[in-house]
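I have placed the structure first, in the form of structure tokens, so that the comments after it can refer back to it.
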2 protein chains.
Amino acid sequence: MGLIHQQAQSGYDLRKLFATTPLGSYSDSPGAIYPALRRLESQGFIQGHDEYSGKRARCVFRITAPGLAQLEAWLSQPVTRLDVVRRMDELLAKFSFMDGVLGKEGAMGFLRTLERELAIYTAELEAYLREEGPGMSISGRLALDSGVHSHQALLRWSRTALETYQRSLTGEAP
Amino acid sequence: MGLIHQQAQSGYDLRKLFATTPLGSYSDSPGAIYPALRRLESQGFIQGHDEYSGKRARCVFRITAPGLAQLEAWLSQPVTRLDVVRRMDELLAKFSFMDGVLGKEGAMGFLRTLERELAIYTAELEAYLREEGPGMSISGRLALDSGVHSHQALLRWSRTALETYQRSLTGEAP
DNA sequence: TATATCATGTAATGCGTTACATGATTTA
DNA sequence: TAAATCATGTAACGCATTACATGATATA
């Protein structure tokens, strides 16, 4: 729905996006995409129209008013600890749609809570590594270490991302 | 199976591991774990025994010879591009079991191919950000940027991890 | 004795994957 | 005209999630 909100898309468009672009590593299988589109349509969140642009028919989906409300609600959900631990990919996919849907303030609010949760979880990982690391195998300890480094990198990113937004705000409102 | 190989585990043990430890963020729901254990048992990869240690019965699973062979085969599968793009968590979970199953040489071989695939994919992400970034929204570009930074961090980690193994080899065989 | 924790399951539902299928339109 | 690509689906299967259920044993 985020992609359809940015621009009307057919099922085939989405397949190509998932297969060729790095963002949102979702499945590009037709058995996943077409039924999902029909489900969203039956719920009234998107609406498909056949388009004949010279060639053959393409069923192009657009977001509806209830769909936009649903998308806003999804993007507005607070960042939880469980999101940070197990659904980081989904969080970043959500964030990529943020300023098109919630605006800069929404995106900045998201980044602030993400930074807080990331800081907490990263500290927990570091503590776990300090305490349990010595008793683990080399590869076990190193795997945990990779989690620590990945989350540290995300934490640094969330801070520079917030600064990027702050610069863009002061720059446009002199 | 990796966890059961390290140490015999009951379904409840696994639930607690998944719920409390940071490694391998798998589901701790009983509806996922118990049927999965029974499937592995029916395939002959693990074997459960009831144990009565003073308290009530616990069904403790151990790995079998075919199960160990299967685990070795799984851990020996080459690192593919798709693994790096969409299954990085699984790769690190696999790696955490490596030197208990394949030994240091196996773990080092894994790290070398992982480093190669990570370097390729990271370069692709950087190129995509350079080319497509200017046309994207701020949050879209930043989300992509987080992917770049995360993979750069993993790439650095894979190199230091390899050095850690090399030091441990020269240290023990003077 | 009530509550929390230990320990193991089952049932309904939904969804993803894999594989198969179809027909139209470019390109070689 | 053969092959690749466009564009959209269906069917079988497996598995995860959620919620419910059970009984035993510690702990308050």
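In the text below, chain A, chain B and the rest are named by the order of the sequence lines, each starting its count at 1.
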Practice prompt. Taking only the side-chain nitrogens and oxygens of Tyr34(B), find out if one of them lies under 4.0 Å from OP1 or OP2 of dG9(C).
Written response: no

Worksheet item: Could you give the CG-to-P distance, from Asp13(A) to dT5(D), as a whole number of Å?
Response: 17 Å

Worksheet item: Atom CG of Leu14(A) and atom C1' of dC6(D): how far apart are they, to the nearest Å?
Response: 15 Å

Worksheet item: Does the distance from a Lys or Arg side-chain N to an Asp or Glu carboxylate O, for Glu51(A) and Arg62(A), drop under 4.0 Å?
Response: yes

Worksheet item: Would you say a side-chain N or O of Tyr12(B) is under 4.0 Å from OP1 or OP2 of dC6(C)?
Response: yes

Worksheet item: Given the side-chain rings of His151(B) and Tyr121(B), with only the six-membered ring counted for Trp, is the space between their centroids under 6.0 Å?
Response: yes

Worksheet item: Checking all strands, does Ser29(A) fall into the base, sugar-phosphate, or nothing category for heavy-atom contacts under 4.0 angstrom?
Response: base

Response to the item:
In whole angstroms, the gap separating P of dT8(D) from CD of Glu41(A) amounts to 12 Å

Worksheet item: Could you state the CG-C1' distance from Leu37(A) to dC15(C), rounded to the nearest angstrom?
Response: 14 Å

Worksheet entry | Candidates dT17(C), dA19(D), dA7(C) - which lies nearest the side chain of Pro30(B) | dA19(D)

Worksheet item: Does Gly31(B) or Arg86(B) map to a spot on DNA chain C nearer the 5' end, using the closest nucleotide for each?
Response: Gly31(B)

Worksheet item: Does the distance from a Lys or Arg side-chain N to an Asp or Glu carboxylate O, for Arg38(A) and Glu41(A), drop under 4.0 Å?
Response: yes

Worksheet item: How far apart are the closest heavy atoms of Arg15(A) and Asp28(A), and which atoms are they?
Response: NE-O, 2.8 Å

Discussion item. With a 4.0 Å cutoff (strictly under), does any side-chain N or O of Arg38(A) reach OP1 or OP2 of dG9(D)?
Written reply: yes

Worksheet item: For the pair made of CD1 in Ile33(B) and P in dA16(D), what is the distance, rounded to whole Å?
Response: 10 Å

Practice prompt. Report the distance from atom CG of Leu82(B) to atom C1' of dT18(C), rounded to the nearest whole Å.
Written response: 15 Å

Item to complete: Provide, to the nearest angstrom, the distance between the CG atom belonging to Asp28(A) and the P atom belonging to dT8(D).
Response: 15 Å

Item to complete: Determine the minimum heavy-atom distance between Arg86(A) and Ser27(B), stating which atoms define it.
Response: NH2-CA, 3.6 Å

Practice prompt. Report the distance from atom CG of Asp50(B) to atom P of dA7(C), rounded to the nearest whole Å.
Written response: 12 Å

Discussion item. Does Arg15(B) reach a base, just sugar-phosphate, or nothing at all? Heavy atoms under 4.0 Å.
Written reply: base

Worksheet entry | From dC15(C), dT8(C), dA16(D), nucleotide with atom closest to Arg39(A) side chain | dC15(C)

